[in-house]
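Values below: every heavy atom of this structure, side chains too, minus hydrogens, waters and symmetry copies. So you know, we letter chains A, B, ... as the sequences are listed, proteins then strands, and number each from 1.
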2 protein chains.
Amino acid sequence: MAKIDDVARLAKVSKGTVSNVFSQKRPTSSEVRERVLNVSRQLNYVPNHTARSLVTKKTMAIGLTIPHGNFFFSAFHTQFINGVILEASYFGYRVLLDIIPTQQVKTPFLTSYPIDGAIVMSPITEDERINLMHVGQIPFVTVGRVMNKNMDNMSSVDNDNHKIMYNICEYLIGKGHTNILFLNANELMTVSIDRKSSFIKVMNDHGLDVEEHMIQHKPALHSSEYMDYGYEETIRILGKQKIEVTAIIADDDRTAFSVLNAIKDLNLTVPGDISLFVICGDLSMMVQSNPPLTSMDLQPSELGTQSVRLLMSQLGVLQGELSANVIVDSKIIERNSCSMNSHRHYS
Amino acid sequence: MAKIDDVARLAKVSKGTVSNVFSQKRPTSSEVRERVLNVSRQLNYVPNHTARSLVTKKTMAIGLTIPHGNFFFSAFHTQFINGVILEASYFGYRVLLDIIPTQQVKTPFLTSYPIDGAIVMSPITEDERINLMHVGQIPFVTVGRVMNKNMDNMSSVDNDNHKIMYNICEYLIGKGHTNILFLNANELMTVSIDRKSSFIKVMNDHGLDVEEHMIQHKPALHSSEYMDYGYEETIRILGKQKIEVTAIIADDDRTAFSVLNAIKDLNLTVPGDISLFVICGDLSMMVQSNPPLTSMDLQPSELGTQSVRLLMSQLGVLQGELSANVIVDSKIIERNSCSMNSHRHYS
DNA sequence: CTGAAAGCGCTTACAG
DNA sequence: CTGAAAGCGCTTACAG
């Protein structure tokens with residue numbers, strides 16, 4: 001590959017001038033620019049990314065970390081990533097999938113991270129990724145609330161989890177449901193902690209008790225391991241005391257689908273016998289389901305976009321005031337999986 | 001951040017020695033190693049990735065390019081990426097999501113690609129990404145067949161598309177289906193070209209004609225644009241001449257789901273009236289569907305793994321003979337969406 | 001607007 | 001096993 005010296009020599013200018021033509025950091029006369037560009041085309045020259053990075057101290061890449069075990073993307077992750085890529089590329093940044101599985105690696109990554117900043121998805125309690133970013137002095141934003149000790153003032157993007165649970169419960173209670181089974185995310189995730197407490201609070205505000213077994217947590221972060229979780233929990237809890245549960249809130253679409261199958265196998269119907277509400281699901285899957293599932297749209301793509309913008313403002317790339325904690329709106333999309341509670345003895 | 005000079009000075013060794021302790025390219029006495037490591041810990045030192053890259057000429061990253069427009073990942077992409085990440089990290093490589101949307105970008109990427117090699121997914125006819133890799137002299141492997149001019153001898157990973165169509169058609173014909181509607185991928189994709197010709201050939205081999213309207217192509221690469229394609233095509237073709245089509249082959253899970261809805265809206269059932277076969281679908285979605293869908297498992301995760309291994313052997317990281325064209329096995333997974341053709345007038 | 005020179009933080013022959 | 005020096009390919013003050 002041709003290098004800057006080759007171009008400089010052939011175009012009869014200095015390296016600095018060639019540099020300026022490409023970086024456009026200083027003006028160049030159109031005459032010189034043309035000459036340099038012609039020679040560059042001729043030699044197939046393009047500035048070496050690494051060499052530039054070394055002096056500018058910018059890699060023009062951001063890391064996207066999804067917790068290991070969770071790297072089997074859900075539709076939520078997928079759409080989030082779409083938002084990130086689109087917005088990052090708008091600013092000229094690339095996206096490094098910074099997912100280091102715990103699996104045994106042959107060569108450990110014993111260098112600095114080649115990124116300018118990071119997006120930390122789905123934080124858990126005492127998330128070690130946050131500590132890594134701190135020691136590496138890498139600017140980052142989190143998607144979701146962080147609970148690490150001694151670490152305040154972090155930028156984050158999130159939905160309003162309390163509002164989410166408030167709206168869902170109001171919606172379901174408004175339809176006469178009082179015994180609601182909540183199939184929550186894994187209990188290590190901060191989001192599950194927030195949603196659990198909000199769920200209990202809203203129910204209590206309506207004078208309703210929440211028995212312990214009415215909140216279940218996804219056993220693992222791994223999708224292959226929780227595939228049947230929704231099914232088994234539904235069979236277990238509804239099978240024991242069928243009539244008590246009249247509504248189920250599922251944390252994601254896969255869980256919802258397996259709940260749906262369990263309900264069918266129990267010879268019950270949705271929404272006739274059981275109302276099913278999905279917190280975060282793939283739009284197309286929700287629509288194609290039978291029945292179409294009522295869900296809370298978390299706007300994952302918008303979460304991705306906003307997290308990049310927040311990071312860019314931390315990196316000084318994006319000007320202007322940006323709140324350190326961006327809340328992305330969420331809203332209920334009614335389809336056909338929730339109906340009035342028909343079990344009279346509850347009303 | 002501390003640099004190598006700081007460590008060298010404090011540990012009273014040369015920079016070269018510090019370098020060796022971290023790179024392990026030359027042996028160091030345990031005494032010196034300990035001293036260097038202690039100082040490094042104390043100073044929070046880690047070798048600068050960019051500086052190392054500049055001299056080693058390795059970025060330790062591979063690019064993963066998914067055609068723009070297609071960057072709204074399907075389950076196939078997702079599982080493929082999982083395979084790539086897992087295998088790449090095993091070799092100490094990171095994965096750069098090298099998806100440059102055509103959307104207007106503020107800052108163009110006017111430098112070399114900071115990657116050692118690339119994986120080019122879902123090639124289309126005259127794929128410009130292939131040309132880019134060539135001029136940038138970046139080793140790459142493709143996932144799927146490439147049809148660019150003057151470019152033979154490329155490494156690729158693929159399923160055996162002819163065998164896939166052969167097996168699917170045999171399976172369906174064996175169940176008495178002769179009028180099969182094939183909802184193929186976008187016609188620009190090389191895979192759709194291969195599957196189309198194989199489909200026609202196998203049908204002809206059985207003495208069956210394939211009318212032109214029995215092969216349809218996904219109109220766009222964008223998922224948001226083809227969401228309803230399966231539905232509309234099904235309504236259009238089956239609605240006109242209901243009885244003629246008794247089986248449908250859908251290219252992916254989303255298309256299959258929307259076909260399912262269309263069939264339902266036509267007051268027909270699967271597999272009673274219409275048999276539905278999915279070529280490439282998300283396992284969990286296929287299982288959760290109602291009815292569970294019979295599909296061809298393409299092993300996307302294995303495709304990812306193999307493409308990384310092939311790339312690694314090109315980079316000289318992986319020793320041994322590796323065929324330049326790896327074929328990943330595919331197999332039919334019977335579930336419950338295909339049955340014997342019950343329309344007697346065809347048998 | 002352009003050039004000459006120093007420097008970014010490492011690794012790598014070369015020598016011992 | 002260790003050190004001194006050159007060099008990877010750029011950018012950036014500094015000077016003009």
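Between Arg9(A) atom CZ and dA4(C) atom C1' the separation is 16 Å, expressed in whole Å. Between the CZ atom of Phe22(B) and the P atom of dG9(C) there is a distance of 16 Å, rounded to whole Å. At whole-Å resolution of the value, NE2 in His49(A) and P in dT11(D) are 11 Å apart. As rounded to whole Å, 11 Å separates atom P of dT12(C) from atom CD1 of Ile4(B). Computed from coordinates, the Arg52(A) CZ to dC10(C) P distance equals 21 Å when rounded to whole Å. What separates CG of Asp5(A) from C1' of dC10(D) is a distance of 9 Å, to the nearest Å. The distance from atom CE of Met1(B) to atom C1' of dC10(C) is 16 Å, rounded to the nearest whole Å. Rounded to whole Å, the distance from CD on Gln24(B) to P on dT11(C) is 12 Å.
Taking the side chain of Lys15(B) as heavy atoms from C-beta on, and the options dG9(D), dA6(D), dT11(D), the nearest nucleotide is dA6(D). Closest contact between the side chain of Pro27(B) and the listed nucleotides dC1(D), dT2(C), dT11(C) involves dC1(D). Of the candidate nucleotides dC10(D), dG9(C), dT12(C), dC10(D) has the atom nearest to the side chain of Asn48(A). Nearest nucleotide to the side chain of Val55(A), out of dC1(C), dC10(C), dC10(D): dC10(D).
Evaluation of atom-type donor-acceptor distances gives a pair under 3.5 Å for the side chain of Arg26(A) against the base of dG3(C).
In this structure, Lys25(B) reaches the dT12(C) phosphate: one of its side-chain N or O atoms is under 4.0 Å from OP1 or OP2. Between dG9(C) and Lys57(A), a contact under 4.0 Å exists linking OP1 or OP2 to a side-chain N or O. Using a 4.0 Å cut-off, some side-chain N or O of Ser29(A) falls inside it from OP1 or OP2 of dT2(C). A sub-4.0 Å separation between OP1 or OP2 of dT11(D) and a side-chain N or O of Lys58(A) is absent. Side-chain nitrogen and oxygen atoms of Thr17(B) include at least one within less than 4.0 Å of the OP1 or OP2 phosphate oxygen of dG3(D).
Using a 4.0 Å heavy-atom cutoff across all strands shown, Tyr45(A) reaches sugar-phosphate atoms only and no base atom. Counting non-hydrogen atoms under 4.0 angstrom, Val13(A) reaches the backbone sugars and phosphates but no base. Val18(B) comes within contact range of no nucleotide atom at all, as no heavy-atom separation falls under 4.0 Å.
With the nearest nucleotide of DNA chain D identified for both Ser14(B) and Leu54(B), Ser14(B) has the one nearer the 5' end.
The closest side-chain heavy-atom distance from Val7(A) to Leu43(A) is below 4.5 Å. A heavy-atom distance below 4.5 Å is not found between the side chains of Ile115(B) and Ile62(B). Gln314(A) is listed as a side-chain neighbour of Val141(A), based on a closest heavy-atom distance under 4.5 Å.
Side-chain polar atoms of Ser112(B) and Asn48(A) form no donor-acceptor pair below 3.5 angstrom. Using modelled atom types, one finds no donor on one side chain facing an acceptor on the other under 3.5 Å when comparing Asn82(A) with Ser301(A).
Electrostatic pairing of Asp5(A) and Lys3(A) does not count as a salt bridge here, judged by no charged N lying under 4.0 Å from a carboxylate O.
In terms of heavy-atom proximity, Gly117(B) sits nearest to Ile138(B) at CA-CG2, 3.7 Å. Nearest heavy atoms, Val135(A) versus Met1(B): O-CE, 3.7 Å.
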Worksheet, complete the sentence: Dot-bracket for DNA chain C, 5' to 3', Watson-Crick and G-U pairs with both distances under 3.5 Å, [ ] for crossing pairs, | for partner on another strand, reads |||.||||||||.|||
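Taking atom C1' in both dT12(C) and dG16(C), the straight-line distance is 16 Å, to the nearest Å.
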